[in-house]
Amino acid sequence: QINLVQSGGGLVQAGESLRLSCAPTGRIFSRNGISWFRQVPGKEREFVASIRWSGDSAFYRDSVKGRFTISRDNAKNTVDLQMNSLKVEDSAVYYCAASLVFDTRSAPNAKGYSYWGQGTTVTVSA
């Protein structure tokens, strides 16, 4: 069992930055993957970024590359999503999720995750 507690989010203007954190507790190992997804009303949950819990491998959806950074904070035992140069279209409810194994092929599929955080809202105004 893995529990995920999220923090961060809020309202910013386009071009500004926000940082989201995801704190996993429970039975988590270096092989696990932690990912960020986002969802807007009426649309499916969309993959954003993923990292191996050990912190040595990560990847992103194309639209956030160069703007978002996913990282493991060893001191806080969290996975953070640093979001820079935010755009209006980045507005969504963001969720972190844990998979049993980090796999770049399956990570973008939300159905492959058993554990989810509570969600946090990011609103970017023009």
Side-chain angles (χ1 to χ4, degrees):
Q1 180 75 19
I2 299 173
N3 295 313
L4 303 170
V5 178
Q6 299 178 219
S7 61
L11 170 64
V12 296
Q13 292 188 327
E16 295 184 339
S17 299
L18 276 176
R19 190 176 187 89
L20 306 181
S21 288
C22 177
T25 59
R27 296 180 62 80
I28 187 161
F29 304 97
S30 60
R31 66 177 181 271
N32 291 119
I34 302 293
S35 300
W36 287 95
F37 286 79
R38 63 189 181 188
Q39 189 170 26
V40 297
K43 292 191 175 182
E44 291 188 355
R45 203 160 287 190
E46 174 181 272
F47 171 79
V48 176
S50 184
I51 190 169
R52 196 191 316 268
W53 177 241
S54 61
D56 61 350
S57 186
F59 72 107
Y60 305 84
R61 70 177 295 109
D62 287 345
S63 63
V64 307
K65 285 180 182 177
R67 300 189 297 123
F68 291 13
T69 302
I70 188 171
S71 61
R72 165 90 185 272
D73 187 319
N74 291 322
K76 298 188 299 180
N77 226 30
T78 61
V79 168
D80 297 338
L81 185 68
Q82 177 66 39
M83 303 184 293
N84 298 329
S85 302
L86 282 161
K87 303 177 181 180
V88 172
E89 53 264 40
D90 293 319
S91 298
V93 177
Y94 282 70
Y95 298 89
C96 67
S99 59
L100 295 179
V101 178
F102 175 78
D103 186 332
T104 57
R105 295 167 297 177
S106 60
N109 185 353
K111 295 180 181 179
Y113 293 81
S114 301
Y115 309 103
W116 291 88
Q118 78 275 22
T120 185
T121 300
V122 171
T123 304
V124 184
S125 62

Practice prompt. Among residues two or more places apart or on two chains, list those pairs meeting side-chain hydrogen bond (donor to acceptor under 3.5 Å, both in side chains) that have a residue in residues 52-67.
Written response: Arg52-Asp56, Ser54-Asp56, Arg61-Ser63, Asp62-Lys65, Arg67-Asp90
Discussion item. Once side-chain hydrogen bond (donor to acceptor under 3.5 Å, both in side chains) is applied, what residue pairs with a partner in residues 2-27 remain, sequence neighbours excluded?
Written reply: Ser17-Asn84, Arg19-Asp80, Arg19-Gln82, Ser21-Asp80
Donor-acceptor contacts, no H, no angles, side chain residues 106-117, under 3.5 Å, sequence neighbours left out:
from	atom 1	to	atom 2	distance (Å)
Asn109	OD1	Lys111	N	3.0
Tyr113	OH	Ser35	OG	2.7
Tyr113	OH	Ala107	O	2.6

Discussion item. Would you say that more than 12 heavy atoms from the other residues, nucleotides or ligands in this model lie under 6.0 Å from the NZ of Lys76, or not?
Written reply: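 Counting neighbours around NZ of Lys76, more than 12 heavy atoms of other residues, nucleotides or ligands fall under 6.0 Å, so yes.
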Practice prompt. Give a yes or no on this: more than 12 heavy atoms of other residues, nucleotides or ligands lie within 6.0 Å of atom CD of Glu44.
Written response: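 Counting neighbours around CD of Glu44, 12 or fewer heavy atoms of other residues, nucleotides or ligands fall under 6.0 Å, so no.
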Worksheet item: Which hydrophobic side chains are connected to Phe29, either touching it within the sub-4.5 Å cutoff or through other members that do?
Response: none
Worksheet entry | Closest non-hydrogen atom pair between Ala23 and Thr78, with its separation | CB-CG2, 3.9 Å
Worksheet item: What is the minimum heavy-atom distance between Ile2 and Pro24, and which atoms define it?
Response: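 Looks like CG2-CB, 4.2 Å.
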Discussion item. Quick one, Val124 with Met83, criterion side chain to side chain contact (heavy atoms under 4.5 Å, CB included). Give me CA distance, side-chain angles, the key distance, then yes/no.
Written reply: CA-CA 11 Å; Val124 184; Met83 303 184 293; over 6 Å; no
Discussion item. Going by side-chain hydrogen bond (donor to acceptor under 3.5 Å, both in side chains), name the residues that satisfy it together with Tyr95, two or more places apart in sequence or in a different chain.
Written reply: none
Worksheet item: When the ring planes of Phe102 and Phe59 are compared, do they come out parallel, tilted or perpendicular, using 30° and 60° as the limits?
Response: perpendicular
Fill in: Listed once per pair and sorted, the disulfide bond (SG atoms under 2.5 Å apart) pairs that draw on residues 87-126, sequence neighbours left out
Cys22-Cys96
